[in-house]
There are 2 protein chains.
Amino acid sequence: MVSSWFHLNHRSGVPLYLQLKEQVKTAVAGGVLKPGDRLPPVRELAIQLTVNPNTIARAYSELERDGLLSSEQGRGTFVRAAEPLLGAEERRIQVQGLIDKVLVEAFNLRLTAKELSELWEQRLQAWEVRLQRGEGED
Amino acid sequence: MVSSWFHLNHRSGVPLYLQLKEQVKTAVAGGVLKPGDRLPPVRELAIQLTVNPNTIARAYSELERDGLLSSEQGRGTFVRAAEPLLGAEERRIQVQGLIDKVLVEAFNLRLTAKELSELWEQRLQAWEVRLQRGEGED
DNA sequence: GATATTGTATCAATGTATTAATACAATTGT
DNA sequence: ACAATTGTATTAATACATTGATACAATATC
């Protein structure tokens, strides 16, 4: 059951729709949700997560704006097959900004270049393994 | 003049104290501000950036809470020499979380593993060069 | 065609974040 | 001692974000 992948913490202080967005993004990036897969209807998921349907709808619609999902009235919400809307250069810049954040934080936390590189390699491999395994076959 | 390193965009939507925090963190990580260096007094910087002194004070005090700065009433605010307050494992986890964010975003934006690795190497080198150069000698 | 199912839009309620005005407290320097 | 300089604390004004209640619109299903 798809919706069991998602779980919201009502007391974390992190907005509910943001928690859901992150979980959907992670599920897609990790191959748990694949292009064409259908997400639960907003009302259904709202009941299971005990939130207002609008909260689910907001997460879905923002992910649609970002090019990750596609919603159609009356049909449902699906994982998009196509590539993102942004151009190659824009995507590069966006990822580069996130990388620079990592570097600033790592240096301020006094991680050595070696520690940082090892951590990077480790996480990169963890994700590549997930993708190669084709996780999310149900 | 130290304060000329900072510049706030009043119309960006990003909170002013957050903009300043980021710039201080980047300056410290990049060696532009070094341990022991004094930051401008809250009032002085407030005038130059045309904001309320409290806004500067908030940025400073949050950075103190994070272990990057050290403020003393009557004396001023300085870049801390010592390592951060967090333990080795906590720091690792924090950086790992940021790395995972990069990976999720990169895969969702359909960057290849090669593109991503190259981008990482490029940014890492850019920062290492900055640090080796000992930038910020004035 | 009628009904159910789905996403969408509008509006209101509430809380929280941001910034500012102002006063307080500790240290420095004369 | 005193005045100037510094960070700190309190409070308030304002705007914004978040969530929910409810109604609307398009598609699917029978």
Side-chain angles (χ1 to χ4, degrees), chain A residues 1-3 6-25 28 33 36-80, chain B residues 1-3 6-25 28 33 36-80:
Chain A
M1 181 179 261
V2 173
S3 48
F6 306 127
H7 38 87
L8 301 184
N9 184 345
H10 287 252
R11 263 161 290 145
S12 74
V14 180
L16 303 169
Y17 79 96
L18 280 183
Q19 291 182 45
L20 180 56
K21 274 184 75 175
E22 279 311 306
Q23 288 173 31
V24 172
K25 282 166 76 171
V28 173
L33 279 172
D37 282 355
R38 188 189 183 191
L39 280 81
V42 293
R43 286 170 184 76
E44 185 182 311
L45 188 51
I47 290 171
Q48 294 199 8
L49 300 180
T50 60
V51 297
N52 190 283
N54 285 337
T55 303
I56 311 294
R58 176 164 185 184
Y60 282 4
S61 82
E62 292 199 3
L63 289 169
E64 183 181 25
R65 184 202 58 191
D66 296 342
L68 201 70
L69 301 181
S70 165
S71 291
E72 295 170 70
Q73 200 161 282
R75 292 184 35 73
T77 299
F78 305 86
V79 178
R80 270 177 68 109
Chain B
M1 180 179 263
V2 172
S3 49
F6 306 127
H7 39 86
L8 302 182
N9 184 345
H10 286 251
R11 263 161 289 146
S12 74
V14 180
L16 303 170
Y17 79 96
L18 280 184
Q19 292 183 44
L20 181 56
K21 273 184 75 175
E22 279 311 307
Q23 289 174 30
V24 172
K25 281 166 77 171
V28 173
L33 279 172
D37 281 356
R38 188 188 183 193
L39 280 81
V42 293
R43 285 169 185 78
E44 184 182 312
L45 189 51
I47 290 171
Q48 294 199 8
L49 300 180
T50 60
V51 297
N52 190 283
N54 283 338
T55 303
I56 310 295
R58 177 165 185 183
Y60 282 4
S61 82
E62 292 198 5
L63 288 169
E64 182 181 26
R65 184 201 59 192
D66 296 344
L68 202 70
L69 301 182
S70 166
S71 292
E72 295 169 72
Q73 200 161 281
R75 292 184 36 72
T77 299
F78 305 86
V79 178
R80 270 178 67 109

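We name chains A, B, ... by the order of the sequence lines, and we start the count at 1 in each one.
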Does a distance-only test, which skips hydrogens and angles, find a donor-acceptor pair under 3.5 Å between the side chain of B/R75 and the base of D/dG7? no
If you look at every strand shown and take non-hydrogen atoms under 4.0 Å, does A/S61 touch a base, only sugar-phosphate, or nothing?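 Nothing, no heavy atom under 4.0 Å.
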Where the side chain of [X] is defined as all heavy atoms beyond and including C-beta, which of [options] is the nearest nucleotide?
| X | options | value |
| --- | --- | --- |
| B/A57 | D/dT8, C/dA9, D/dA25 | D/dT8 |
| A/R43 | D/dT19, D/dT6, C/dT6 | C/dT6 |
| B/S71 | D/dT8, C/dT18, D/dG20 | D/dT8 |
| B/Q73 | D/dT18, D/dT8, C/dA21 | D/dT8 |
| B/T55 | C/dT19, D/dT6, C/dG7 | C/dT19 |
| A/V42 | D/dG7, D/dT18, C/dT8 | C/dT8 |

Are [X] and [Y] close enough that some pair of their side-chain heavy atoms sits under 4.5 Å apart?
| X | Y | value |
| --- | --- | --- |
| A/Y60 | A/P40 | yes |
| A/L68 | A/V79 | no |
| A/D66 | A/K21 | yes |

Taking B/R75's backbone N and O only, do any of them form a donor-acceptor pair with B/R38's side chain (distance below 3.5 Å, no angle check)?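 Side chain of B/R38 to backbone of B/R75: a pair is present.
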For A/R58, is there any backbone N or O sitting under 3.5 Å from a side-chain donor or acceptor partner on A/S61?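 Between the backbone of A/R58 and the side chain of A/S61 there is a qualifying donor-acceptor contact (under 3.5 Å).
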Output the rounded distance in Å from [atom1] ([X]) to [atom2] ([N]).
| X | N | atom1 | atom2 | result |
| --- | --- | --- | --- | --- |
| A/E62 | C/dA9 | CD | P | 13 Å |
| A/N52 | C/dT10 | CG | P | 17 Å |
| A/L18 | D/dC16 | CG | P | 18 Å |
| A/R58 | D/dT19 | CZ | P | 7 Å |
| A/N54 | D/dC24 | CG | C1' | 13 Å |
| A/L69 | C/dT8 | CG | P | 11 Å |
| B/F78 | C/dT27 | CZ | P | 13 Å |
| B/Q19 | C/dA17 | CD | P | 18 Å |

If you assign each of A/T50 and A/G74 to its closest nucleotide in DNA chain D, which residue comes earlier from the 5' end?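 Between the two, 5'-proximity favours A/T50.
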Show me the dot-bracket string of DNA chain C, counting Watson-Crick or G-U pairs under 3.5 Å, with | for pairs to another strand and [ ] for crossing ones. ||||||||||||||||||||||||||||||
Nearest-0.5 Å distance that lies between atom CG in B/L39 and atom CG in B/L33: 5.5 Å
Within this structure, what is the CG-NZ distance for the pair A/L18 and A/K25, rounded to the nearest 0.5 Å? 9.0 Å
Within less than 4.0 Å of OP1 or OP2 of C/dG7, is there a side-chain N or O belonging to A/T77? yes
If only side-chain N and O atoms of A/Y17 are considered, is one of them under 4.0 Å from the OP1 or OP2 phosphate oxygen of D/dT18? yes
I would like to know whether A/L20 and A/I56 meet side-chain contact (heavy atoms from CB on, under 4.5 Å); could you show each step before the answer? CA-CA 8 Å; A/L20 180 56; A/I56 311 294; 3.8 Å; yes
